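Here is the structure we will look at.
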Amino acid sequence: MSSGDSFYITTPIFYPSDVPHIGHGYTEVAADVLARWHRQAGDDTWMLTGTDEHGQKMLRTAAAGGMTPGEWADRLVEESWIPLLDTLDIANDDFIRTTQKRHEDGVQAFVSKLHDDGFIYTGEYEGYYCVGCEEYKQQSELVEGTGPFEGQLVCAIHSKPVELLQERNYFFRMSDFQERLLALYEERPDFVQPESARNEVVQFVKQGLSDLSISRSSFDWGIPIPWDEKHILYVWFDALLNYATAAGYGQDDENFTRRWPAVHIVGKDILRFHAVIWPAMLMAAGVEVPKHVFAHGWLLVGGEKMSKSKLTGIAPEQITEVFGSDAFRYYFLRAIAFGQDGSFSWEDLSARYQAELANGFGNLASRVVAMITRYFDGVVPAETAPTDADLAIRATVTKAAIDADAAMERFAPHEAIAAIWTIVDELNGYITEQEPWVLAKDEAQRERLGTVLYTAAEGLRALATLLSPVLPKATTTLWDALGAAPALGALAEQPLRDAGRWGQLAAGATVTKLAGLFPRIEDPTPAAAPARVTA
RNA sequence: GGGGCGGUAGCUCAGCUGGUUAGAGCAGUGGACUCAUAAUCCAUCGGUCACGGGUUCAAGUCCCGUCCGCCCUACCA
């Protein structure tokens, strides 16, 4: 991808009545790191996140709290979801709420077009309705009745029989798109990633698609169907459209053309909506389908999918309060292969923090800055004739930068970080072998000492740049300590795809005392209580 | 029932289209060093690659079967 290309990346929009946990945090951080990488590489980047506020569940929980759904949503968004972004240091460019006018207008324009073009028709929806829940149930939510209800299907929650009801509403001709979708998966194997997710989607679509009921009339918390305001739009149809409406669909064609199509990062549970329904909707509307739909895996706690009901849900602040936001970002992207499930444990988090961040990167920065301060009064020395060892470091840096960019391009941040980390490991070994503290005792080795420390400092310069999307806080601290800004400018301005070019740090720069990048943590046990529980 | 993904050193995982004595990190053990966040560096211990067949000159890597785990099967990242 050449410099200046559009890179529009989205997270799913969250249902605000959930309590933010590290799974949400993981999604946000992954999208943010990819966005920061592309942005700093010079691509025309835009990152979108937001909240999905319509639907019966929101209506019901709001009512239970004596509020209107709008008030309830405002409160949750302000108290939980916006703060989550701050907790994790997310640099999103936009935050869309499906209750915003720009969204509702865009959605209405979209469904009107589909209606006008004949992709929507009136039909009868038939489904099992639970009076207790006041909603239609899927087969999976029903169980065989027992006792007096023997032989009947009952609601899993109320254990009472459900009724087979019919409702007149609107349907989207999704079945029309089966062949085109299959052709899409075939022609663009990287449309759905990773491979395992693609397989699931292809198999699913091959089994046949039915039309989708896209309106509801039993409650009114949603976007009205423009030609029949007694109906509101099915929440998923509404929610998926956020990716388009936020970019200006139907309202700001110039911006929409500039941003679209998007790259969607989603959890694998909502893969089908994004890889089947969403592209079908776009095809119907004559809009280009997304560039990619990437499904990441689950966080496993104790070998099982993390879940609130099993009390394995962990609030992001529990981690950031002890380890900091940088460590959160680093840990989840480094330790988990993006696209696969990953095990989370406090022990692993703590071990990686200590071994990799504190002892590896943090200590490296600390020892280099300390030696420049001690042996050169804080002035970065010039390098002279490089030896093979010095050249090996340069080669490592060059390769790491190339490999990291390639890995980020293919949605493999874990590999990108591993590639960058070769610099940390090589540099620590290099310093130990070159023994600058020995060179410092011999005035005749003055130039050699300067070259060794320049090499180390320049390596740190490259590290700061390459790691800034992952560790924005620590790398900024390091950038300041290296005294790099006066000659090179702000860290965020350093072109990432040029980070591997040797010799950027100016000799003569003044280093300053470096506060520990990742201080040792004496008591790495989580901040008491397990997950917070919703009211 | 149908579908997807896994089962490789104590732990977390790499091993692409099959090819020399199966790798990494962490943990463990021994040593070196002192610039540094009691840190770093070197060495080393450690595996019947779930199980049973088969194809092949050659299989962790392909085929068949079995066992185990996780997930999806239309509104929880």
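Values in this document were obtained by computation on a predicted structure and should not be read as measured data. In what follows, every chain begins at residue 1, and chains take the letters A, B, ... in the order their sequences are listed.
Residues A:Val266 and A:Gly342 each lie close to RNA chain B; by heavy-atom proximity, the contact nearer the 5' end of the strand is made by A:Gly342. Residue order along RNA chain B, read from the 5' end via each residue's closest nucleotide, puts A:Ala351 first among A:Ala351 and A:Pro12.
For A:Phe191 and A:His292, the ring centers are positioned 6.0 Å apart or more. Note: A:Tyr243 and A:His274 meet the aromatic proximity criterion, with ring centroids under 6.0 Å apart. Aromatic ring centroids of A:Phe273 and A:Trp278 lie 6.0 Å or more apart. A centroid separation of less than 6.0 Å is found between the aromatic rings of A:Phe119 and A:Phe177.
Residue A:Tyr330 contributes atom OH, which lies 13 Å from atom C1' of B:rU12 at whole-angstrom precision. The distance from atom CD1 of A:Ile431 to atom P of B:rC42 is 13 Å, rounded to the nearest whole Å. Residue A:Glu435 contributes atom CD, which lies 9 Å from atom P of B:rC33 at whole-angstrom precision. Distance A:Glu347 CD to B:rC26 C1': 13 Å, rounded to the nearest Å. Following rounding to the nearest Å, A:Trp346 (CH2) and B:rC26 (P) show an atom-to-atom distance of 22 Å. Residue A:Arg367 contributes atom CZ, which lies 12 Å from atom P of B:rU34 at whole-angstrom precision. Straight-line distance from the CD atom of A:Gln354 to the P atom of B:rU37: 14 Å, rounded to whole Å. To the nearest angstrom, P of B:rC71 lies 25 Å from CZ of A:Arg198.
Base engagement by A:Tyr234 is indicated by at least one non-hydrogen atom pair under 4.0 Å involving a base atom. If you check every strand for non-hydrogen atoms under 4.0 Å, A:Gly362 touches a base. Within the 4.0 angstrom heavy-atom criterion, only backbone atoms of the sugar-phosphate kind lie near A:Phe273; the bases stay farther away. Heavy atoms of A:Asn428 sit under 4.0 angstrom from primed sugar atoms or phosphate atoms, though from no base atom. In this structure, A:Ala370 reaches the sugar-phosphate backbone alone: every heavy-atom distance under 4.0 Å involves primed, P, OP1 or OP2 atoms, never a base. A:Leu299 comes within 4.0 angstrom of a base, heavy atoms only. Backbone-only engagement by A:Ile270 is indicated by non-hydrogen atom pairs under 4.0 Å involving sugar-phosphate atoms exclusively. Using a 4.0 Å heavy-atom criterion, one finds that A:Arg352 contacts no nucleic acid atom at all. Using a 4.0 Å heavy-atom distance criterion, A:Pro436 is classed as making no nucleic acid contact. Using a 4.0 Å heavy-atom cutoff across all strands shown, A:Gly267 reaches sugar-phosphate atoms only and no base atom.
Taking atom P on both B:rA24 and B:rA32, the two are 24 Å apart, rounded to the nearest angstrom. Comparing the same atom, C1', in B:rU73 and in B:rU17 gives a spacing of 33 Å after rounding to whole Å. Look at the P atom in both B:rA59 and B:rG18: the space between them is 13 Å, to the nearest Å. For the C1' atom pair drawn from B:rA22 and B:rU29, the interatomic distance equals 23 Å after rounding to whole Å. Nucleotides B:rG69 and B:rG19 have their C1' atoms positioned 32 Å apart, rounded to a whole Å. Between B:rG31 and B:rA50, the two C1' atoms lie 38 Å apart (nearest whole Å). A gap of 32 Å separates the P atoms of B:rA43 and B:rC51, to the nearest Å. Taking the P atom of each, B:rU8 and B:rA14 are spaced 10 Å apart, rounded to whole Å.
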A correct 5'-to-3' footprint of nucleotides 2-8 of chain B, with B, S and - meaning base, sugar-phosphate only and no protein heavy atom under 4.0 Å, is -SSS---
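Annotation: cation-pi geometry not satisfied between A:Arg216 and A:Tyr170 (NZ/CZ under 6.0 angstrom from ring centroid, within 45° of ring axis).
Using modelled atom types, one finds no donor on one side chain facing an acceptor on the other under 3.5 Å when comparing A:Asn92 with A:Thr49. Residues A:Asp211 and A:Ser175 have side chains that bring a donor and an acceptor to within less than 3.5 angstrom of each other. In this structure, a donor-acceptor pair under 3.5 Å is present between the side chains of A:Lys473 and A:Ser325. For the residue pair A:His264/A:Thr10, the side-chain donor-acceptor check at 3.5 Å is satisfied.
A:Ser343 has a side-chain polar atom (N or O) that falls below the 4.0 Å cut-off from OP1 or OP2 of B:rC13.
No option in A:Ile214, A:Asp52, A:Ile270, A:Leu212 other than A:Ile270 meets the side chain to side chain contact (heavy atoms under 4.5 Å, CB included) test with A:Trp236.
Consecutive pairing runs in RNA chain B reach the stem threshold at B:1-7 with B:67-73, B:10-13 with B:23-26, B:28-32 with B:40-44, B:50-54 with B:62-66, where a stem means at least three Watson-Crick or G-U wobble pairs with distances under 3.5 Å.
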Check nucleotides 14-18 of chain B for protein N or O atoms closer than 3.5 Å to its own N or O atoms and list the pairs.
{"from": "B:rA14", "atom 1": "OP1", "to": "A:Gln340", "atom 2": "OE1", "distance (Å)": "2.7"}
{"from": "B:rA14", "atom 1": "OP1", "to": "A:Gln340", "atom 2": "NE2", "distance (Å)": "3.2"}

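Stacking of the aromatic ring of A:Trp236 onto the base of B:rC75 is not found under the criterion of centres within 5.5 Å and planes under 30°.
With sequence neighbours excluded, no residue forms a ring pair (Phe, Tyr, Trp, His ring centres under 6.0 Å) with A:Tyr454. For A:Ser366, the side-chain contact (heavy atoms from CB on, under 4.5 Å) test picks out no residue, with sequence neighbours left out.
Of all heavy-atom pairs spanning A:Asp390 and A:Tyr430, the tightest one is OD1-OH, 2.7 Å. Taking every heavy atom of both residues into account, A:Ala404 and A:Ala416 meet most closely at O-CB, 3.6 Å.
With B:rU40, B:rU37, B:rA74 as the choices, the nucleotide that has an atom nearest any side-chain atom of A:Phe518 turns out to be B:rU37.
Scanning atom types as modelled, one donor and one acceptor separated by under 3.5 angstrom connect the side chain of A:Ser210 and the base of B:rA74.
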Donor-acceptor contacts under 3.5 Å from residues 328-340 of chain A side chains, at least two apart:
{"from": "A:Arg329", "atom 1": "NE", "to": "A:Val470", "atom 2": "O", "distance (Å)": "2.9"}
{"from": "A:Arg329", "atom 1": "NH1", "to": "A:Asp32", "atom 2": "OD2", "distance (Å)": "2.8"}
{"from": "A:Arg329", "atom 1": "NH1", "to": "A:Leu88", "atom 2": "O", "distance (Å)": "2.9"}
{"from": "A:Arg329", "atom 1": "NH1", "to": "A:Asp89", "atom 2": "O", "distance (Å)": "2.9"}
{"from": "A:Arg329", "atom 1": "NH2", "to": "A:Asp32", "atom 2": "OD2", "distance (Å)": "2.7"}
{"from": "A:Arg329", "atom 1": "NH2", "to": "A:Pro469", "atom 2": "O", "distance (Å)": "2.7"}
{"from": "A:Tyr330", "atom 1": "OH", "to": "A:Arg334", "atom 2": "NH1", "distance (Å)": "3.2"}
{"from": "A:Tyr330", "atom 1": "OH", "to": "A:Glu356", "atom 2": "OE1", "distance (Å)": "2.5"}
{"from": "A:Tyr331", "atom 1": "OH", "to": "A:Asp348", "atom 2": "OD2", "distance (Å)": "2.9"}

